[in-house]
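The structure presented is a predicted model; accordingly, all values stated were derived computationally and were not measured.
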Amino acid sequence: MEPEAKYTFVGTSVLVLLALVTAAVVWLASSGQHADVQRYKIFFARQSLEGLDVRSDVRMKGIRIGAVAGFSFSKERAGTVEVTIGIDPTAPVKESTRAVVERNLVTGLATIRLQNLSEDSPAAPRPAPGTGDAVIAEGASQLQQFSETVNELAQRADETMRRINATLSTENQAAIGQTLANLRDLTHNASGAVARLDGTLASIGQAADGLRTSTTALSGDVHRLADRYDTLGAETTAGIKDVSVAVRQVSADASQLSRRTESLLVDTDVEVRLTGQQLRGTVDALGVAARKFRDPRATLFGPGEASLGPGEDRR
């Protein structure tokens with residue numbers, strides 16, 4: 001019994017020692033990992049997190065750069081799930097970085113993939129210590145886009161089927177049948193319509209020929225009329241030139257006549273003035289003679305004694 005008790009004690013001691021070593025290794029690894037990771041928050045509102053678990057991989061361009069540290073329903077943003085991740089500080093996280101959930105279709109396990117929409121965008125700013133974790137915006141996964149596209153196609157197909165059913169209703173089928181019957185009648189009457197159309201085209205051709213002949217004759221008349229107008233224009237131009245010469249001659253004659261009239265008026269004015277002066281002298285002489293002949297007695301015998309002044313003699 002004593003050897004068996006010793007073996008039991010030794011086995012138990014070895015197991016405890018292995019457990020302690022394992023715990024120490026895990027503690028050292030976790031403490032070193034937390035010291036060398038950058039924490040970020042992601043708020044998922046449109047994507048499903050089915051298959052995502054704590055310690056699920058976080059990858060960028062196919063390389064594992066971190067793991068999921070935890071997730072919970074967000075109190076800051078209603079209707080979203082807040083996922084906390086810890087990634088390598090050297091990972092190129094930029095302002096254009098987006099987070100999407102990728103799911104393995106066989107195993108159902110999900111991972112978070114970070115993708116940069118633009119490699120030229122600046123690096124994401126890191127918050128100051130004690131102010132909380134930086135935030136990476138949610139993106140759209142290809143599976144989600146495919147699912148949305150399939151849903152949209154299904155909705156469009158359903159709408160198309162409803163329209164087709166509405167088009168193929170009983171009333172529309174009757175209308176389509178009537179349209180086909182009318183088309184059949186139109187096909188039967190097409191030969192007659194074609195014959196009438198040929199006759200119409202022939203009439204139009206004859207009318208076009210007549211119009212062409214009339215146009216040719218009218219063109220000749222127009223040319224002749226244009227020639228006549230050219231001749232008339234030339235004659236009118238010559239007549240206008242003659243009239244201009246005559247007008248200039250008349251203007252010269254009128255100017256000469258005006259000068260002669262002015263000279264004549266000057267001479268006439270001088271003669272009228274001389275005649276007026278002579279007439280005025282004659283009138284004065286006639287006045288004196290009239291005064292003398294007013295008293296003939298005084299003219300013949302001299303003035304009377306009553307009209308003589310003091311000291312005057314009749315002689």
Side-chain angles (χ1 to χ4, degrees), residues 25-164:
V25 170
V26 171
W27 178 77
L28 290 175
S30 61
S31 61
Q33 182 179 5
H34 285 293
D36 297 331
V37 297
Q38 175 68 38
R39 294 172 64 88
Y40 289 92
K41 286 184 179 180
I42 307 171
F43 294 91
F44 288 100
R46 301 185 303 273
Q47 302 181 57
S48 173
L49 301 183
E50 183 180 0
L52 191 68
D53 198 357
V54 178
R55 293 185 299 276
S56 294
D57 291 345
V58 177
R59 296 179 176 273
M60 176 178 284
K61 295 184 177 181
I63 301 174
R64 185 180 185 279
I65 59 173
V68 176
F71 50 84
S72 62
F73 289 102
S74 176
K75 298 180 180 178
E76 301 176 4
R77 305 180 185 181
T80 62
V81 177
E82 177 183 337
V83 178
T84 303
I85 62 174
I87 63 176
D88 188 353
T90 61
V93 178
K94 302 179 180 295
E95 292 182 355
S96 63
T97 301
R98 297 293 182 267
V100 296
V101 177
E102 288 188 342
R103 189 171 293 100
N104 192 314
L105 299 179
V106 178
T107 62
L109 298 178
T111 59
I112 294 178
R113 180 170 61 88
L114 302 182
Q115 57 181 0
N116 295 329
L117 301 181
S118 174
E119 296 297 337
D120 297 331
S121 63
R126 297 187 179 181
T131 59
D133 298 331
V135 176
I136 296 177
E138 178 186 10
S141 64
Q142 296 179 354
L143 182 61
Q144 181 184 4
Q145 294 176 355
F146 178 75
S147 177
E148 292 177 354
T149 303
V150 170
N151 291 334
E152 185 177 357
L153 289 176
Q155 293 176 359
R156 291 184 179 180
D158 185 41
E159 181 66 22
T160 303
M161 291 302 298
R162 285 200 299 269
R163 292 182 179 181
I164 291 175

Student: Can you list the residues that meet the side-chain contact (heavy atoms from CB on, under 4.5 Å) rule with Ala110, with sequence neighbours excluded?
Tutor: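 Only Leu52, Val101, Arg103 meet the side-chain contact (heavy atoms from CB on, under 4.5 Å) criterion with Ala110.
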Student: Who pairs with Asn104 by side-chain contact (heavy atoms from CB on, under 4.5 Å), at least two apart in sequence or on another chain?
Tutor: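 Asn104: side-chain contact (heavy atoms from CB on, under 4.5 Å) contacts with Val106, Thr107.
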Student: Who are the side-chain hydrogen bond (donor to acceptor under 3.5 Å, both in side chains) partners of Ser48, not counting sequence neighbours?
Tutor: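 Expected list: none.
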Student: Scan residues 73-90 for pairs that pass salt bridge (Lys or Arg N to Asp or Glu O under 4.0 Å), counting only residues two or more places apart or in two chains.
Tutor: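 Applying salt bridge (Lys or Arg N to Asp or Glu O under 4.0 Å) to every pair that reaches into residues 73-90, excluding sequence neighbours, yields Lys41-Glu82.
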Student: Restricting to pairs with a member in residues 53-62, which pass side chain to side chain donor-acceptor pair (under 3.5 Å), not counting sequence neighbours?
Tutor: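 Listed by first then second residue: Asp57-Arg59, Asp57-Arg64.
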Student: Side-chain contact test, heavy atoms from C-beta onward, threshold under 4.5 Å: evaluate it for Pro125 versus Glu95 and give yes or no.
Tutor: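 Yes, at least one pair of side-chain atoms sits under 4.5 Å.
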Student: Give the minimum heavy-atom separation between Val58 and Val68, together with the two atoms involved.
Tutor: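 Smallest heavy-atom distance, with atoms named: CG2-N, 4.0 Å.
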Student: Considering non-hydrogen atoms only, spot the tightest contact between Val54 and Phe71 and give its length.
Tutor: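 For Val54 versus Phe71, the nearest heavy atoms are N-CE2, 3.9 Å.
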Student: Do Pro92 and Glu119 come within less than 4.5 Å of each other through their side chains, counting heavy atoms only?
Tutor: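 A side-chain contact is absent here, since even the closest heavy-atom pair is not under 4.5 Å.
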Student: Where is the tightest heavy-atom contact between Leu114 and Ala99, given as atom of each residue plus distance?
Tutor: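 Smallest interatomic distance, heavy atoms only, reads CD2-CB, 3.7 Å.
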Student: Just wondering, are more than 12 heavy atoms of other shown residues or ligands nearer than 6.0 Å to CD in Glu159?
Tutor: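 Result for CD/Glu159: enclosed.
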Student: Measuring from Ile136:CD1 to Ile85:CD1, what's the distance to the nearest 0.5 Å?
Tutor: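 One finds 4.5 Å between CD1 of Ile136 and CD1 of Ile85.
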Student: Determine the minimum heavy-atom distance between Ala69 and Arg39, stating which atoms define it.
Tutor: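 Taking every non-hydrogen atom into account, CB-NH1, 4.1 Å.
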Student: Ignoring hydrogens and angles, tell me if any N or O in the side chain of Asp133 forms a donor-acceptor pair with the backbone of Thr84 under 3.5 Å.
Tutor: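 No: the side chain of Asp133 does not pair with the backbone of Thr84.
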Student: For residues Phe43 and Ser74, report the shortest heavy-atom separation together with the two atoms involved.
Tutor: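 Nearest heavy atoms, Phe43 then Ser74: CE2-OG, 3.4 Å.
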Student: Kindly determine whether Tyr40 and Thr97 satisfy side-chain contact (heavy atoms from CB on, under 4.5 Å), including the steps that lead there.
Tutor: CA-CA 12 Å; Tyr40 289 92; Thr97 301; over 6 Å; no
Student: I need the minimum non-hydrogen distance between Gly139 and Val100, along with the two atoms involved.
Tutor: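 Shortest heavy-atom contact: C-CG1, 3.6 Å.
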Student: Which residues pass the side-chain contact (heavy atoms from CB on, under 4.5 Å) test with Ala45, sequence neighbours left out?
Tutor: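 Applying side-chain contact (heavy atoms from CB on, under 4.5 Å) to Ala45 gives Thr80, Glu138.
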